[in-house]
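Below you'll find the structure, written out as structure tokens, and then a few comments.
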Amino acid sequence: MLENVRSELAAAIAAELSDLGVADAAVSLDVPPRRQLGDLAWAGALPLAKALRRPPRVIAEAVASRLGVRISTAAPDHPLAFVEPEVAVEGPGFVNFRLRRGPALAALLRPPTRRGEGGRGHDRLARDGEGVAGAETSEPGFTPGERGGRGGASAAEALGGGPQRSPKVVVEHTNINPNKAAHIGHLRNAVLGDVLVRCLRRLGRRVEVQNYVDDTGVQVADVVVGFLFLPEARLLEAVAPFWPEVAEGEESVQVRALRALASRDGAGTLVAAELGAGDFDDLCWELYPRVTRWYDELPEATAHRAEVLHALEGGFPAGFTLDAAVQRLASPDPRPRTPDPEALARLAAAIAEANLRCHLITMGRLAVAYDVLPHESDILHRGFWARAFELLKEADAIRLESEGKNSGCWVMSLAESAEFAGMADADKILLRSNGTVTYTGKDIAYQLWKLGLLRDADGALHDFGYREFARFAAPGPAAAVTYGAGDRALVRTTDDRDDRLPGADFGGGERVYNVIDVRQSYPQKVVKEAIRVLGHGDAAENSIHFAYEMVALTPAAVKRLEAAQGLDFGLSAEDMAKPFVEMSGRRGIGVKADALLATLVAEAERAVAGRQGEGPGLAAADLAARARAIAVGALRYQMARQGRNRVLAFDFDEALAFEGDTGPYLQYSAVRARKIFDKLADKGLAGTLEGDAAAVAEVAVPDDLWDLVVTAARTGEMVAKAVASLEFSLLAGHARDFAQMFHKLYHEHPVLHAEDEATRALRRAVFRLFSRTIDEILESLLGIPVPSEM
RNA sequence: GCGCCCGUAGCUCAGUUUGGAUAGAGCGUCAGACUCCGGAUCUGAAGGUCGCGCGUUCGAAUCGCGCCGGGCGCACCA
């Protein structure tokens with residue numbers, strides 16, 4: 001509603017200006033800093049003063065008086081009819097507008113009508129009540145013509161689920177190396193990505209979520225090395241706490257560990273779904289730093305890494321089971337000296353898959369879900385790079401160096417791009433002299449596929465094969481995603497194009513967001529540049545690196561970790577004096593996502609139980625569900641509220657706070673609002689939405705309640721602004737301001753004990769709007785569940 | 001060296017992309033809140049050279065230039 005009024009008002013001002021001799025003025029309406037000044041403001045008279053050679057107030061007054069006429073003669077169903085005809089000129093030349101509060105509130109309350117019902121004007125208002133149509137105006141758009149038309153069709157279709165042909169947005173996020181447990185840095189990535197996805201969907205976009213799995217990189221290779229080559233005592237130390245059966249036996253520790261891995265995989269117990277239980281990714285979290293420490297002590301041990309890496313690139317035949325692989329690795333002698341490459345690749349795949357499943361469960365707890373899991377091994381084996389290499393050569397985008405330090409490499413020259421101007425060495429190696437492709441090379445191929453631009457010579461799409469990876473269910477907008485029981489398929493890629501899955505239609509995004517931390521800016525620019533030099537300028541512009549700063553630890557957090565684990569990370573006094581300490585999976589320095597969540601759940605349980613008072617105790621299941629919701633709310637809000645360009649220095653006390661500027665504060669406002677309606681219903685005072693809307697239409701709304709109404713109405717604007725700038729701190733701040741206003745009003749405007757029925761109807765109407773809006777902001781947009789009670 | 005980011009209250013941060021009216025929260029500190037829809041709440045107080053300087057502008061935390069301090073990039077790693 002607000003957005004339509006805004007755009008119509010802007011159009012009206014532009015029309016008046018053109019009568020005054022100013023053609024094509026760009027008119028934008030602001031919200032005044034204080035509500036007493038009005039609901040909307042136009043500051044454009046000030047900059048016009050010079051051009052028109054008249055004082056700004058004179059211009060403002062001319063526009064204001066003419067607008068007054070236009071507004072008072074507007075048709076009743078026109079958006080301008082929601083504006084008070086008295087237009088004020090204040091200060092040096094601000095033009096301030098007020099809304100007709102009663103009618104505006106009534107319009108906001110009424111559920112939006114579907115397209116095709118009702119009159120045209122009414123329909124426009126209704127759709128905008130959802131924040132969709134108006135929201136589009138400030139998003140930097142798809143290039144015109146790509147999007148299937150502004151307004152009508154696309155917005156309305158999206159609300160109804162959308163036709164398959166509307167442009168797709170691909171969002172890639174999470175992308176955790178499948179060699180250890182997820183930590184809080186990955187959490188920031190996943191939450192930012194997930195909130196982006198939710199906001200895009202709110203704006204009516206068709207969105208596909210990809211979680212890229214780097215299953216053939218050195219990180220996975222290092223864990224394979226850990227299982228096969230790490231000195232026995234060290235391997236045992238990492239594995240035995242998780243797999244007691246490895247502690248004893250005749251065979252070597254390596255073989256015992258491999259057998260345990262295979263038998264647990266066969267029994268389906270390799271991955272546990274219990275929060276707090278030591279899982280496979282926790283085992284790897286212990287094992288991986290031991291491997292890197294071993295390399296530091298014994299540099300020649302890195303030869304094992306190279307050997308494994310090479311084996312991973314070769315892959316393994318379809319149908320080769322983990323049991324068979326372990327058999328080959330275990331049989332000949334206690335410690336295999338020359339392992340079978342295929343068996344190594346099969347083992348690596350099992351390790352990567354188990355870690356991936358752990359990550360999916362971790363993210364599922366936080367209501368983060370995906371559509372497809374592209375695997376690096378499939379990019380390799382499906383020949384994505386080979387095809388991209390041909391395209392790059394055809395376009396003369398790369399060249400083979402015959403001398404200098406890059407001799408023998410295929411490089412892409414960046415010297416001609418303005419983006420890379422001033423660089424000492426403006427060449428990026430894509431293919432090494434030993435014939436292997438770099439990560440950036442693979443990423444270019446992957447990005448081409450994401451954009452639907454990886455095509456064979458005959459024009460056919462060069463695509464993956466697909467198979468189902470898991471089934472999952474997510475009962476509500478912000479409810480935990482649970483694997484194993486639902487009817488929605490999570491798909492992974494395969495390297496066999498004959499693996500067809502009905503309805504599988506992935507990649508080919510009109511726009512692609514890559515959620516990756518800011519340290520990857522350089523390679524991301526290279527990828528974008530490659531798309532551009534291949535002749536896809538528009539696609540390059542629609543390849544967006546959603547960059548955010550890293551998560552680090554405060555020195556206090558590091559000390560707490562060391563104390564809790566009885567470890568010494570060996571950081572220098574200089575390091576500990578810095579404002580933050582970088583996490584390092586290699587060194588085992590970090591806060592695991594699940595461990596943090598478990599701590600939060602425990603704290604929340606204590607808090608919930610503590611406020612139960614005397615009455616009958618809360619059922620354990622209720623307690624757990626509430627605590628889980630609160631923990632997730634605290635965590636997601638902490639990740640979303642901070643601007644993306646600022647390093648997030650993680651601190652336990654801050655993370656465990658439930659009061660003030662926190663997720664639970666927001667959740668409490670939503671619970672409180674619902675509670676009002678529960679109580680009203682008990683007393684038979686609930687009223688109806690239509691009744692309240694009708695009652696409110698003719699009534700005077702006081703300033704403080706009106707503030708809450710306007711804030712609710714601005715939600716769509718905030719979503720659009722957040723997406724346009726990729727700053728979700730804006731949305732988090734909006735939610736906080738909104739909840740804060742409600743908490744204040746809650747004390748001053750009792751509903752149940754209102755003085756009279758008219759007062760009650762008004763308060764009920766305003767709080768109804770609040771309740772509906774905060775639920776939507778939290779659950780649908782921020783992914784924060786609202787518990788039934790707290 | 002080159003590039004990007006950060007610097008706002010004692011602390012942690014919004015606000016900077018589109019310049020606008022009296023720069024906002026939370027934590028912490030101090031003082032308070034009705035037998036009343038839940039105190040994870042609310043009210044009040046104290047707390048600011050928006051890192052520094054110059055410039056543009058009717059108007060600068062916001063734009064430009066130059067400094068200072070801090071972080072991160074600039075691999076035949078991923």
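The structure presented is a predicted model; accordingly, all values stated were derived computationally and were not measured. Note on naming: letters A, B, ... go to the chains in the order of the sequence lines (proteins, then strands), and numbering restarts at 1 for each one.
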Worked check of side chain to side chain donor-acceptor pair (under 3.5 Å) between A:E172 and A:Y513 = CA-CA 6 Å; A:E172 179 203 337; A:Y513 290 94; over 6 Å; no
Do NZ/NE/NH1/NH2 and the carboxylate oxygens of A:D692 and A:R764 come within less than 4.0 Å?
-> yes
Indicate, with a heavy-atom threshold strictly under 4.0 Å, whether A:V608 touches base, sugar-phosphate, or nothing.
-> base
Give A:K675 one of three labels, base, sugar-phosphate or nothing, depending on what nucleic acid heavy atoms sit under 4.0 Å from its own.
-> base
Using atom CD of A:Q520 as one end and atom P of B:C74 as the other, report the distance to the nearest whole Å.
-> 9 Å
Considering only heavy atoms and no angle criterion, is a donor-acceptor pair shorter than 3.5 Å present between the side chain of A:N96 and the base of B:A21?
-> yes
Grab the CG-C1' distance between A:L618 and B:G38 for me, whole Å please.
-> 15 Å
Is it true that A:E757 and A:R763 have a side-chain N and a carboxylate O under 4.0 angstrom from each other?
-> no
When you match A:F580 and A:R34 each to their closest nucleotide on RNA chain B, which lands nearer the 5' end?
-> A:R34
Under 4.0 Å: is that the gap between some side-chain N or O of A:K744 and OP1 or OP2 of B:U43?
-> yes
Describe the nucleic acid contact of A:H545 in one word from base, sugar-phosphate, nothing, applying a heavy-atom distance below 4.0 Å.
-> nothing
Of all the nucleotides listed (B:G38, B:U12, B:C72), which has the minimum atom distance to the side chain of A:E654?
-> B:U12
Contact class for A:S407 (heavy atom, under 4.0 Å): base, sugar-phosphate, or nothing?
-> base
State which of B:G20, B:U16, B:A21 makes the closest approach to the side chain of A:L37.
-> B:A21
Which part of the nucleic acid, if any, lies within reach of A:K405 when heavy atoms closer than 4.0 Å are counted: base, sugar-phosphate only, or nothing?
-> base
Would you mind pulling out the nucleotide paired to B:C11, Watson-Crick or G-U wobble, both distances under 3.5 Å?
-> B:G26
Quick one: label A:I630 by what it contacts on the DNA or RNA (base, sugar-phosphate, nothing), any heavy atom closer than 4.0 Å.
-> base
Are any of the side-chain nitrogens in A:R519 or A:E582 under 4.0 Å away from the carboxylate oxygens of its partner?
-> yes
Nucleotide paired to B:G3 in any strand shown, Watson-Crick or G-U, under 3.5 Å = B:C72
At under 4.0 Å between heavy atoms, what does A:Q219 touch on the DNA or RNA strands: base, sugar-phosphate, or nothing?
-> nothing
On a whole-Å scale, what distance lies between the P atoms belonging to B:C6 and B:C65?
-> 15 Å
Looking only at side-chain atoms of A:K679, point me to the closest of B:A21, B:U17, B:C37.
-> B:C37
Under 4.0 angstrom, heavy atoms only, what part of the nucleic acid is A:R646 near: base, sugar-phosphate, or nothing?
-> base
Give the rounded distance in Å between these two atoms: CG of A:D661 and P of B:C42.
-> 11 Å
Which is true for A:V751 with a 4.0 Å heavy-atom rule: it touches a base, it touches only sugar-phosphate, or it touches nothing?
-> base
State whether the distance check finds a donor on one side and an acceptor on the other, under 3.5 Å, for side chain A:R672 versus base B:U41.
-> no
So which heavy atom on A:A64 is nearest to which on A:V87, and how close?
-> CB-CG1, 3.8 Å
Spacing between A:N645 atom CG and B:U62 atom P, to the nearest angstrom | 17 Å
Is A:Q667 touching bases, backbone alone, or none of the nucleic acid, heavy atoms closer than 4.0 Å?
-> nothing
Counter-base of B:C63, judged by Watson-Crick or G-U geometry with both distances under 3.5 Å | B:G55
Pairwise P distance, B:U18 and B:U62 [rounded to whole Å] | 15 Å
Have a look at A:H743 and say if it touches a base, only the backbone sugar-phosphate, or nothing, with a 4.0 Å heavy-atom cut-off.
-> sugar-phosphate
Contact class for A:D443 (heavy atom, under 4.0 Å): base, sugar-phosphate, or nothing?
-> nothing
Distance, rounded to the nearest Å, where A:I516 contributes CD1 and B:G73 contributes C1' | 14 Å
Inter-nucleotide P distance (B:G10, B:A46), Å rounded = 15 Å
Taking for A:Q740 and for A:A604 the nucleotide of RNA chain B with the nearest heavy atom, the one nearer the 5' end belongs to A:Q740
If the P atom of B:G19 is compared with that of B:C63, how far apart are they to the nearest Å?
-> 9 Å
Could you tell me the separation between the CG atom of A:L708 and the P atom of B:C42, rounded to a whole number of Å?
-> 13 Å
In whole angstrom, give me the gap between the C1' atoms of B:A33 and B:A14.
-> 28 Å
If you measure from the P atom in B:C72 to the same atom in B:C42, how many Å do you get, rounded?
-> 38 Å
Does the side-chain ring of A:F94 sit on the six-membered ring of the B:G20 base, less than 5.5 Å centre to centre and under 30° in tilt?
-> no
B:G20 and B:U12, which share atom name C1', separated by this distance in whole Å = 29 Å
Taking the six-membered ring of A:Y746 as reference, does the NZ or CZ atom of A:R672 fall below 6.0 Å from its centre and within a 45° cone about the axis?
-> yes
Using 30° and 60° as the class limits, which term best fits the ring planes of A:Y212 and A:Y446: parallel, tilted or perpendicular?
-> parallel
Counting just side-chain N and O atoms, does A:K50 come under 4.0 Å of either OP1 or OP2 of B:C58?
-> yes
Closest to the A:R641 side chain: B:G71, B:U12, B:C76?
-> B:U12
With heavy atoms under 4.0 Å as the rule, sort A:S521 into base, sugar-phosphate or nothing.
-> nothing
When the C1' atoms of B:C52 and B:G69 are considered, how many whole Å apart are they?
-> 11 Å
Under a 3.5 Å limit on both distances, the Watson-Crick or wobble mate of B:C50 is none
For A:Y665, answer base if it contacts any base atom (sugar-phosphate contacts may also be present), sugar-phosphate if it contacts only those atoms, and nothing otherwise; contact means non-hydrogen atoms under 4.0 Å.
-> sugar-phosphate
A:S729 side chain near B:C13 phosphate (N/O to OP1/OP2, under 4.0 Å) = no
Cationic N near anionic O, under 4.0 Å, A:E61 to A:R54 | no
Salt bridge flag under 4.0 Å for residues A:K442 and A:E376 = yes
A:L431 CG to B:C76 P, in whole Å, measures 13 Å
Check the distance between B:G39's C1' and A:Q612's CD and give it to me in whole angstrom.
-> 15 Å
